[in-house]
Every structure is written in structure tokens, then in C-alpha cells.
Amino acid sequence: MYRDHTKVIQIGNKKIGGGNPILIQSMTNTKTENVQATVEQILALEAAGCDIIRCAVPTMEAAKALKEIKKQIHIPLVADIHFDYRLAIAAMENGADKIRINPGNIGSTERIKAVVDVAKERNIPIRVGVNSGSLEKELVEKYHGVTAEGLVESALDKVHIIEELGYDNLVISIKSSDVMMCARAHELIAEQTSYPLHVGITEAGTLYSGNIKSAIGLGIILYQGIGDTIRVSLTGAPLEEVKSARRILKTLGLRKGGVEVVSCPTCGRTQIDLIGLANKVETMVQDIPLDIKVAVMGCVVNGPGEAKEADIGIAGGVGVGLLIKGGEIVKKVPEDQLLDTLREELMNWDSNKTQK
């Protein structure tokens, strides 16, 4: 797999590339200058499973705020820089573990060199970011539009600029809002470089459409062995990005941990509020650190059989609920006690296993 052979890059206290676990990134949507609000959001994201966090640095005040933010968080901090090379330098001087730049909008070679010199001195990785919305005019003309080939050429051109300045502590990011173009671009670049890749579908959209586009795009890319870090870009709360990224990685077998909830579709046999129950179960298990599968079934007829592949399951009837393990009914409880019964079983899961 491509990711097993990518260059290992150290970002703060984390390593990516070279077969290391795929890490989840998100980006704060607070004003970085507001240290308290930014720290509170990062700590919540840490608790949800975020491995690396990126903050926008549009002002010198934001760059200086990184120093205090760093003191209060526990995951690597990436500074997102556009246009002003002085902000990139200030961000590194104030503790950024990585910087994200597009050399194309930083300016002259002298300004890029000034940034690279500080990164080299402090051994701070640079993420070279290119996306379809900012593809250079000459590449659009060369490839008769915005294409995967154009994205790859643009990204590698930027990488070569930094390599020629004597630095190769790099991560590459090529993103597009076109899912299939993005997938193709990653397939192409994986054949041409050994730098680790940060993967995401940019401007994916709202929670609904963004999750679908990200799941398809990331699924195609990651399943081919491509990608060292990911971000699910959503027009919504960053917490939702992390939850979705974890689910994508778990579904692909690339990350373990966390309760997986499976539930049957509704049908005419459904005798309980299955939709409400399934949503309550999914919310309830968010903070339960087990690596198991929980089934939520809507009727007592097919529930036990359909839940047999899950570690534990529940099924609802008229006023009654069933607790199921290994496809066998182990307990019958009043319907209004079903959720509490399941939670109690999960909270005592280890002791239950020990007793068997």
C-alpha cells in the first residue's frame, strides 16, 4: 500500500506516514485571537477523537495567540496561512507544530525562502496545499479546464519550489469539491511522490451532502491505500467532522474502537419508535469506550436473528423489549426500560465478559 511507504513526518507529538495510523484532522471555526473560545473548542474536539487541529491565522494577533493556545491543548497545532509570509514565520515562532501554505500565494521566492528558513531551523513540517478553486490559469489552459492532472502538476510544482530551497519535511494536500476528480488526483500523485498525503473533499457541503460526498471520496481514496491524514470538511460544527471521520475509518477497517450501532430499516412490522430509539442509542454510546457492535431492531419477530452478528442488541415489541446476545434472547423488559437496560449492560461489559 502506498501509505506504508510514505515518508515519516513528525508533527508535534504525532507521526504520520510510513504506515503509521491515519490521523483525523479538523479546523477550528472560532476566532483564533479568542484564546479561551479556541481552546474550549479544541479540547472538545480532542475528547471526540481529533488527532491534529488547524487554526486560521489571518492576523498577527492570531499568530501570537497560538503560544497561549498551545499551552492548554494536547494535540499538534497547525497554522493555516494565506498570502502573508510574515504570519507563517510568526506562527512558527509562537509554537505551531506545522504550517499550511500555498507557495503560489505567498509571493516572491525570497518570501518563500524566509518561511522555509525558519521551518528548517525549527524542523517544522510544511503542508503544501492546492485546491481546484485556485488552480493556476496556465494549467487550466494546458489541460483545457480544471483537471486531476492539473491539480497534481500544480502541487508538485509547489513541492519542487520548497525542495530547491533545501527542505523536504513536507506534507501534500490536493483537494477538489469534485469527488471523482479528487480521487483521480490522489491516484495520480501517489505514483509520483513519497510525501504523506492529507486527504479530504473540499467544500463538500452541509452535514447531509458533505457526509455523503466525503464518505464516497475518502472511501475510494483510502481503500486504495492512499492517505495519511484526513479531514471531513463540513459546513457545520467541527465536532461533526471528527465523528464522521472516525466512522469512515472504522467502516473501512482502518481504525478500531468505539461502539458501532447498526439498526434495521423501518417497515410495516415495526412496533416501536425505531427511529427515535436508534438515535438515542447512537447518542448514548458516544462516550462508551468499547470496540463492539450494537444492534437496534424494530420488531420481536426478526430482531433476534438479524441481530446475531452484533455483540449485543435490542428489539422492541408492543410495550415490551428484548435484550439479545449472540442471536439469543437473554432478557425481556418493559419497553420504557429498554434503553436503560442496554446502557447498564454496556457499562458492565467487561465484567460480563469475565463472568462467562
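Residue numbers count from 1 along this sequence.
- With sequence neighbours excluded, the residues forming a side-chain hydrogen bond (donor to acceptor under 3.5 Å, both in side chains) with Asn169 are Asn123, Tyr167, listed by chain and number.
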Exercise. Verify side chain to side chain donor-acceptor pair (under 3.5 Å) between Glu68 and Asn94, making sure each step is shown before the conclusion.
Key: CA-CA 9 Å; Glu68 187 56 40; Asn94 282 278; over 6 Å; no

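- Checked against side-chain contact (heavy atoms from CB on, under 4.5 Å), Val146 has the following partners two or more places apart in sequence or in another chain: Ser132, Leu135, Val140, Met181.
- Residues Val159 and Tyr195 are in side-chain contact: their nearest non-hydrogen atoms beyond the backbone lie under 4.5 Å apart.
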Practice problem: In sequence, state the C-alpha distance, the side-chain angles, and the governing distance for Asn131 and Thr202, and then conclude on side chain to side chain donor-acceptor pair (under 3.5 Å). | Solution: CA-CA 8 Å; Asn131 67 59; Thr202 194; 5.2 Å; no

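- The side-chain hydrogen bond (donor to acceptor under 3.5 Å, both in side chains) test applied to Thr283 returns no partner, not counting sequence neighbours.
- Smallest separation of non-hydrogen atoms from Ala215 and Ile248: CA-CD1, 3.8 Å.
- With a 6.0 Å radius and a threshold of 12 heavy atoms from other residues, nucleotides or ligands, Leu252 has its CG atom above the threshold.
- For Thr229, the side-chain hydrogen bond (donor to acceptor under 3.5 Å, both in side chains) partners at least two apart in sequence or on another chain are Gln25, His198.
- A distance of 9.0 Å separates CZ of Phe83 from CD1 of Ile106, quoted to the nearest 0.5 Å.
- A donor atom on one side chain and an acceptor atom on the other are found under 3.5 Å apart for Glu241 and Ser26.
- Taking a 6.0 Å sphere around CZ of Arg86, one finds it holds 12 or fewer heavy atoms contributed by other residues, nucleotides or ligands.
- When only modelled atom types and interatomic distance are considered, Tyr143 and Glu153 share a side-chain donor-acceptor pair under 3.5 Å.
- Within the structure, salt bridge (Lys or Arg N to Asp or Glu O under 4.0 Å) contacts touching residues 9-34 (residues at least two apart or in different chains) do not occur.
- To the nearest 0.5 Å, atom NE2 of residue His186 and atom CG of residue Leu218 are 8.5 Å apart.
- The nearest pair of heavy atoms linking Trp349 to Asp311 is CH2-O, 3.7 Å.
- Here OG1 of Thr193 is found 8.5 Å from CG of Leu170. Values are rounded to the nearest 0.5 Å.
- Judged by distance alone, with hydrogens and angles left aside, the side-chain atoms of Ser154 form no donor-acceptor pair with the main-chain N or O of Gly150 at under 3.5 Å.
- Two residues are said to be in side-chain contact when any heavy atoms from C-beta on lie closer than 4.5 Å; Ser194 and His5 fail this criterion.
- Side-chain atoms of Leu322 and Lys331, non-hydrogen and from C-beta on, never get closer than 4.5 Å to each other.
- Remark: Ser244 pairs with Asn211, Val232, Leu234 by the side-chain contact (heavy atoms from CB on, under 4.5 Å) rule, at least two apart or across chains.
- In this structure, Glu345 pairs ionically with Lys325, as a charged nitrogen and a carboxylate oxygen lie closer than 4.0 Å.
- Legend: salt bridge (Lys or Arg N to Asp or Glu O under 4.0 Å) pairs involving residues 89-98, not counting sequence neighbours, sorted by first then second residue: Lys70-Asp97.
- Sorted by first then second residue, the salt bridge (Lys or Arg N to Asp or Glu O under 4.0 Å) pairs that include residues 155-165, not counting sequence neighbours, are Glu136-Lys158.
- Side-chain contact between Val152 and Ile174: present, with at least one pair of heavy atoms (C-beta onward) separated by less than 4.5 Å.
- The two residues Gly49 and Arg255 have their closest heavy-atom pair at O-NH1, 4.0 Å.
- Listed by chain and residue number, Ala278, Val296 satisfy the side-chain contact (heavy atoms from CB on, under 4.5 Å) test with Ser263 (two or more places apart in sequence, or in another chain).
- With a 4.5 Å cut-off on side-chain heavy atoms, Leu197 and Ile226 count as touching.
- Taking 4.0 Å as the cut-off between side-chain N and carboxylate O, Glu110 and Lys113 do not count as a salt-bridged pair.
- The side-chain hydrogen bond (donor to acceptor under 3.5 Å, both in side chains) test applied to Thr341 returns no partner, not counting sequence neighbours.
- Residues passing the side-chain contact (heavy atoms from CB on, under 4.5 Å) test with Arg184, sequence neighbours excluded: Ala148, Glu187, Leu188.
- Looking at Thr38 and Thr30, their side chains do bring a donor and an acceptor atom within 3.5 Å of each other.
- In this model, no donor atom of one side chain and acceptor atom of the other lie less than 3.5 Å apart for Gln286 and Glu282.
- For Arg3 (side chain) and Gly227 (main-chain N/O), a donor-acceptor pair under 3.5 Å exists by modelled atom type.
- For residues 245-254, every residue pair satisfying the salt bridge (Lys or Arg N to Asp or Glu O under 4.0 Å) rule, not counting sequence neighbours, is listed here: Lys250-Asp291.
- By the rule that hydrophobic residues join a cluster once side-chain heavy atoms approach within less than 4.5 Å of another member, Val199 and Ile172 end up as members of one cluster.
- In this structure, the separation between CG on Leu151 and SG on Cys182 is 8.0 Å, given to the nearest 0.5 Å.
- Nearest heavy atom pair, residue Ile126 against residue Ala119, reads CD1-CB, 3.9 Å.
- Taking CG of Leu339 as the reference point, atom CD of Glu344 lies at 12.0 Å (rounded to 0.5 Å).
- The environment of Lys67 atom NZ is sparse: at most 12 non-hydrogen atoms of other residues, nucleotides or ligands sit within 6.0 angstrom.
- Side-chain atoms of Val171 and Ile16, non-hydrogen and from C-beta on, do get closer than 4.5 Å to each other.
- Of all heavy-atom pairs between Leu274 and Cys264, the closest is CD2-O, 3.3 Å.
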